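Single-structure report; data block below.
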Amino acid sequence: MLCRLTFHIQPCLRTLFLRTLLIFDLLLFYAAGDAGYEFDVCYTSVLKRAIRTLWLCLDSIDQMWLPVHRTWRLNERHYGGLTGLNKSETAAKHGEAQVKIWRRSFDIPPPTMDPDHDFYTIISKDRRYGDLSEEQLPSCESLKDTIARALPYWNDEIVPQIKQGKRVLIAAHGNSLRGIVKHLEGMSEEAIMELNLPTGIPILYELDKNLKPVKPMQFLGDEETVRKAMEAVAAQGKAKK
Amino acid sequence: MSKYKVLVMRHGEGAWTKENRFCSWVDQRLSEDGVKEARACGHLLKEAGFQLDLVFTSLLSRSIHTAWLLLEAMGQEWVPVVKSWRLNERHYGALIGLNRAEMALNHGEEQVKQWRRSYDLTPPPIDESHPYFLEIYNDRRYSTCDVSKEDLPRSESLKDVLERLQPYWDGTIVPEIRQGKLVLISGHGNSCRALLKHLEGISDEDIVNVTLPTGTPILIELDENFRPTKPMQLLGDQEAIQAAIKKVEDQGKVKQVS
């Protein structure tokens, strides 16, 4: 299918997104391998769930030898003081009204992660963040903040590769990928907040030479899986706020 | 006084190790035991408190998989991994895929040992008629190397291995070590031997007798001129290491007929 598309669209640049998996989805990778996808370079965050997702994928498609670049800029959004809490704990601690504000806001960050937080040392003092300046290392992030630190990496590192005709595979997280999707599709702040990328299913973008998508994002997989993913995304817009 | 430390490791058992076939540039995966070996190594390195900064592997999946398993066991998946053909296993030319025991039977243990262990004896080159030729040279990864595919080896002696490895060591790996990074090299039997020969100044005659056990991290400590400050250390249970060395040596031997 993809071969026919490339024939019609010249030049066609492809970028594949993989939302992070918590559970290895065999069907997903079988589908990708089946379609014979070949990549030239991979990007991921410095969080093990994204890196392991990428490794599982590369193993399945027999391309373990591909160069892989890891960056904190593709990390999941930093939820500050809310890290580790579930929904009911969050509501109990901060009240339903406050939670609603955070959920609906593009640029209001959650409370900071302070030194007394359970995860403060584990995260802030981790060696992998040793090269980050004080300004760069977040203590919390709004979605706007996440996007603001993810996009420069997309623009400075990934885009030049795509423009060279490299086929790119990105294994990352819901909110860091939202940043790229918002940018690629020119989505509004409201629209991106409503979009929840499905997990464990490859998302394909085909881009023209100006890096504009030539069509909406495509989910890859068997008919059933793809249909369910598309329905889930469509239903999000209709969900009660 | 050691200024630098480097970790070198030969990956564990591959599917063909059990069959005693020269695997070389054929992209065989680790066997279940090879996976276990890598994980055990990772735990060992974790217990020893090693904090890696950079990992180098070859382009062969077994070397890369070993690195992944180590990093996973150490909780250091975020450490950058850099891959190069220059760390690939020695290219065994026309001998690729052949069973070591059968060869020992046909040519004698000594000839096999010479091919495996001599410094500058190059096996006959692989050619298009070889069953594994296309599998190797049609592979896309060999179009991404820093030399053109035509210039990649068709057969190598250990000396040839060092010749294509050394520029990578000097030009790419050493600068990282000089910046104070703790580097781990996930290599193969002969690419590790070549590197150790170079670092430790082992003679062409003596290298024949050096056997590296699989799945055993080797710690090398160097001064600021990259000369070893002490003999290399094989990390782990010393009895198990001796057994592992013997296992590798026995692979070249003829099966005893009872």
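All figures in this text were calculated on a predicted structure; none of them were measured in a lab. In what follows, chains carry the letters A, B, and so on, assigned in the order in which the sequence lines appear, proteins first and then strands, with residues in each chain numbered from 1.
- For a residue to count as touching a neighbouring chain, one of its non-hydrogen atoms must lie under 4.5 Å from one of that chain's; by this rule B/Gln76 touches chain A with the side chain only.
- Only the side chain of A/Arg70 comes within contact range of chain B, judged by heavy atoms closer than 4.5 Å.
- Among A/Leu58, A/Leu47, A/Asp62, A/Thr44, the residue making the largest number of heavy-atom pairs under 4.5 Å with chain B is A/Asp62.
- With a 4.5 Å cut-off on non-hydrogen atoms, B/Arg140 touches chain A through its backbone and its side chain both.
- Note on ring orientation: taking the six-membered ring where Trp is involved, the planes of B/Tyr142 and B/Trp25 are parallel (angle under 30°, cut-offs 30° and 60°).
- Annotation: cation-pi geometry satisfied between B/Arg90 and B/Tyr92 (NZ/CZ under 6.0 angstrom from ring centroid, within 45° of ring axis).
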- Item | Derivation and outcome, salt bridge (charged side-chain N to carboxylate O under 4.0 Å, His left out), residues A/Glu141 and A/Arg149 | CA-CA 10 Å; A/Glu141 285 180 324; A/Arg149 49 86 166 162; 2.8 Å; yes
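- A perpendicular orientation is assigned to the rings of B/Trp68 and B/His65, their planes being inclined by more than 60° (bins at 30° and 60°).
- Chain B forms the most heavy-atom pairs under 4.5 Å with one residue out of A/His69, A/Arg52, A/Lys48, and that residue is A/Arg52.
- For B/Leu60, no part lies under 4.5 angstrom from a heavy atom of chain A.
- Of all the listed residues (B/Val82, B/Asp139, B/Val79, B/Thr144), the one sharing the greatest number of non-hydrogen pairs under 4.5 Å with chain A is B/Val79.
- Between the side chains of B/Ser2 and B/Thr229, at least one donor N or O sits under 3.5 Å from an acceptor N or O.
- Judged by the 6.0 Å and 45° rule, B/Arg154 forms a cation-pi pair with B/Tyr137.
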